[in-house]
Amino acid sequence: MAPLMRTEHLTVRFGPTEALADVSVTIDREELVAVVGASGSGKSTLLHCLSGILRPTAGGVWFDGERIGAWSDRKRSAWRLRNVGLVFQFGDLVPELTLADNVRLPLLLAGGSRADAAARTAEMLERLGIADVASRRPGQVSGGQMQRAAVARALVHRPAVVLADEPTGALDTTAGQLVLESLMSAAREQASAVVLVTHEARLASYCDREIVMRDGSVVAAVRS
């Protein structure tokens, strides 16, 4: 079976700095992949290319056989709304909205009905264990609850792939483990692939495979 996503000879330069150098990787359907390496190794740059947020200097990214770099900005944005869930280190929730409103936002932006968005949001908040704080704003809950809301937002539209950039980096060990377990179990349940950027071996062990990066290049791919 063809991979869900792949990159071929991906290169990204920022002026004289080469952030990615000839990176070719694959992400299979429903696969949990950790991208590991030290700070500055190119992990986040790779994730931004996979999401279509960053255009590479050379090479390309394919999703389900189509090269996303050939699409317009508008088409890539629409593709992300339907197929990609994003989780960042600090959650990036809208502070003026409640957790429930934050979670349902991708569904409404994609044109879904309010009734369906409300039902799917309630289900996801329950699954992530934060239904009891759904009416609170991000500043009124703990960091772990806020990050679980970010995970719920990333998964609520049942994306083909979730791209998570250090999703537990701002949390203590206990909260971080709860967030990661919630992300992985929910992704498994709805058959979403996950690409997890992390520098922690303990977190990478939750994944099926590790892609090890150093100085903008892939130096190893290891089955867990």
Distance (rounded to the nearest 0.5 Å) between [X] [atom1] and [Y] [atom2]:
X      : Y      : atom1 : atom2 : value
Ser44  : Glu166 : OG    : CD    : 6.5 Å
Leu46  : Thr7   : CG    : OG1   : 6.0 Å
Leu20  : Phe14  : CG    : CZ    : 7.5 Å
Leu99  : Arg104 : CG    : CZ    : 11.0 Å
Glu8   : Asp22  : CD    : CG    : 10.5 Å
Thr173 : Leu178 : OG1   : CG    : 12.5 Å

Is it the case that one hydrophobic cluster holds both [X] and [Y], taking links as side-chain heavy atoms less than 4.5 Å apart, direct or via other members?
X      : Y      : answer
Leu86  : Leu54  : yes
Val36  : Met5   : no
Val218 : Val212 : no
Ile53  : Trp71  : yes
Val162 : Tyr206 : yes

Evaluate the side-chain proximity of [Y] to [X]: yes if any heavy-atom separation is below 4.5 Å, no if none is.
X      : Y      : answer
Asn102 : Pro138 : yes
Pro159 : Asn83  : no
Leu171 : Val179 : yes
Leu196 : Pro167 : yes
Val156 : Leu105 : no
Arg55  : Asp73  : yes

*asked:* Can you confirm if the NZ or CZ of Arg6 lies within 45° of the ring axis of Trp62 and under 6.0 Å from the centre of its six-membered ring?
replied: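 Yes, cation above the ring, under 6.0 Å and within 45°.
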*asked:* Under the criterion side-chain contact (heavy atoms from CB on, under 4.5 Å), I'd like the reasoning laid out for Asp101 against Thr121: C-alpha separation, chi angles, the key distance, then a yes or no.
replied: CA-CA 9 Å; Asp101 287 338; Thr121 295; over 6 Å; no
*Glu31/Arg223 under salt bridge (charged side-chain N to carboxylate O under 4.0 Å, His left out): CA gap, chis, key distance, verdict*: CA-CA 11 Å; Glu31 186 181 26; Arg223 285 280 170 191; 3.4 Å; yes
Using a 3.5 Å distance criterion without hydrogens, assess whether the side chain of [X] forms a donor-acceptor pair with backbone atoms of [Y].
X      : Y      : result
Glu123 : Ala118 : no
Asp165 : Val197 : no
Thr198 : Leu203 : no
Lys43  : Ala38  : yes
Arg153 : Pro106 : no
Thr11  : Ala58  : no
Asp208 : Leu32  : yes

Minimum heavy-atom separation for [X] to [Y], with atom names?
X      : Y      : value
Arg29  : Asp64  : NH2-OD1, 2.6 Å
Arg209 : Ile27  : NH2-CA, 4.2 Å
Leu10  : Pro56  : CD1-CB, 3.5 Å
Val23  : Gly216 : CG2-O, 3.3 Å
Leu50  : Ile68  : O-CD1, 3.9 Å
Ala193 : Glu30  : CB-N, 3.8 Å

*When you look at Asp116 and Ser113, which way does the side chain to side chain donor-acceptor pair (under 3.5 Å) test go after all the steps?*
CA-CA 5 Å; Asp116 179 63; Ser113 72; 5.0 Å; no
*When Ser182 is tested against each of Arg148, Gln147, Arg127 for side chain to side chain contact (heavy atoms under 4.5 Å, CB included), which residue passes?*
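Of all the options given, the one that passes is Arg148.
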*Assess whether atom CD of Glu181 is packed by more than 12 heavy atoms of other residues, nucleotides or ligands within 6.0 Å.*
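Result for CD/Glu181: enclosed.
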